[in-house]
Amino acid sequence: QVQLVESGGGLVQAGGSLRLSCVVSGGTFSSAAMAWFRQAPGKERDFVATISWTGITTAYADSVKGRFTNSRDNAKNTVYLQMNSLKPEDTAVYYCAAARQRIGGPAQYEYAYWGQGTQVTVSS
């Protein structure tokens with residue numbers, strides 16, 4: 001059974017930074033594309049970033065491009081989301097997701113496994 005556990009969320013002031021982590025167990029992490037999505041209160045869950053199985057290919061939502069960095073450590077079965085220059089509009093529950101294929105895109109249906117989410121709150 002594949003399990004994803006996110007951590008690293010919290011409360012931060014605008015302009016600050018946080019690093020989210022997602023540890024994956026029970027699957028072949030090193031051959032799976034990974035992604036981050038987020039859901040703000042009252043809104044749909046949106047794509048944030050994705051990273052290929054090797055970590056070479058990444059893609060980001062326009063709203064976070066240049067501020068967020070997605071990376072992975074296959075030896076630790078962990079994917080990271082470094083978030084800098086945070087804005088109040090980044091406030092959301094952030095979800096980690098794992099695909100069955102090696103490269104993923106921005107669509108939620110591409111990801112078979114999901115974590116429970118971690119809350120990120122950015123105060124103005």
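Not measured: the values here are computed from a predicted model. Numbering of residues begins at 1 and proceeds along the displayed sequence.
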Determine all donor-acceptor pairs shorter than 3.5 Å in which one atom belongs to a side chain in residues 64-71; sequence neighbours excluded.
unit_1	atom_1	unit_2	atom_2	d
K65	NZ	D62	OD1	3.0
R67	NH1	S85	O	2.9
R67	NH1	D90	OD2	2.7
R67	NH2	S63	O	2.9
R67	NH2	D90	OD1	3.0
R67	NH2	D90	OD2	3.4
N70	OD1	W36	NE1	3.3

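- Rounded to the nearest 0.5 angstrom, S30 OG and K76 NZ are separated by 16.0 Å.
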What verdict does the side-chain contact (heavy atoms from CB on, under 4.5 Å) test give for Q119 and Y94, after you've listed the backbone C-alpha separation in whole Å, the side-chain angles of each residue and the deciding distance to 0.1 Å?
CA-CA 6 Å; Q119 176 70 47; Y94 283 70; over 6 Å; no

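- Smallest separation of non-hydrogen atoms from A49 and L81: CB-CD1, 4.3 Å.
- Of all heavy-atom pairs spanning C96 and V79, the tightest one is SG-CG1, 3.8 Å.
- Minimum interatomic distance between T58 and I51 (heavy atoms only, all atoms of both residues): CG2-CG1, 3.7 Å.
- Residue Y80 shares its hydrophobic cluster (ILVMFWY side chains chained together at separations under 4.5 Å) with no other residue.
- A side-chain donor-acceptor contact under 3.5 Å links T54 to the backbone of I56.
- Shown are M83, E6, Q82; of these, the side-chain contact (heavy atoms from CB on, under 4.5 Å) with L20 is made only by M83.
- No donor-acceptor pair under 3.5 Å is formed between the side chain of R72 and the backbone N or O of N77.
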After noting the C-alpha distance and the side-chain angles of V93 and T118, does the key distance pass the side-chain contact (heavy atoms from CB on, under 4.5 Å) rule?
CA-CA 5 Å; V93 176; T118 185; over 6 Å; no

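- Nearest heavy atom pair, residue M34 against residue Y111, reads C-CE2, 4.2 Å.
- Within the 3.5 Å criterion, the main-chain N or O of T121 finds no donor-acceptor partner in the side chain of T91.
- Separation of atoms OG (S124) and NZ (K87) is listed at 14.0 Å; rounding is to 0.5 Å.
- Between R45 and R38, the closest side-chain pair of non-hydrogen atoms is not below 4.5 Å.
- Ring geometry for F47 versus F37: interplanar angle over 60°, hence perpendicular rather than tilted (30 to 60°).
- Counting heavy atoms from C-beta on, the side chains of Y113 and R100 come closer than 4.5 Å.
- The distance from the OG atom of S17 to the CG atom of N84 is 3.5 Å, given to the nearest 0.5 Å.
- Counting all heavy atoms, side chain and backbone alike, V2 lies closest to G26 at CG2-O, 3.7 Å.
- No donor-acceptor pair closer than 3.5 Å links the side chain of D46 to the backbone N or O of A40.
- Between A14 and P88, the shortest heavy-atom contact is CB-CD, 4.1 Å.
- Annotation: side chain of V23 is not in contact with side chain of L4 (no heavy-atom distance under 4.5 Å).
- The shortest side-chain heavy-atom distance between Y95 and Q39 falls under the 4.5 Å cut-off.
- Neither W53 nor V24 shares a network with the other; the hydrophobic side chains, linked directly or stepwise wherever heavy atoms of I, L, V, M, F, W or Y lie under 4.5 Å apart, form separate groups for each.
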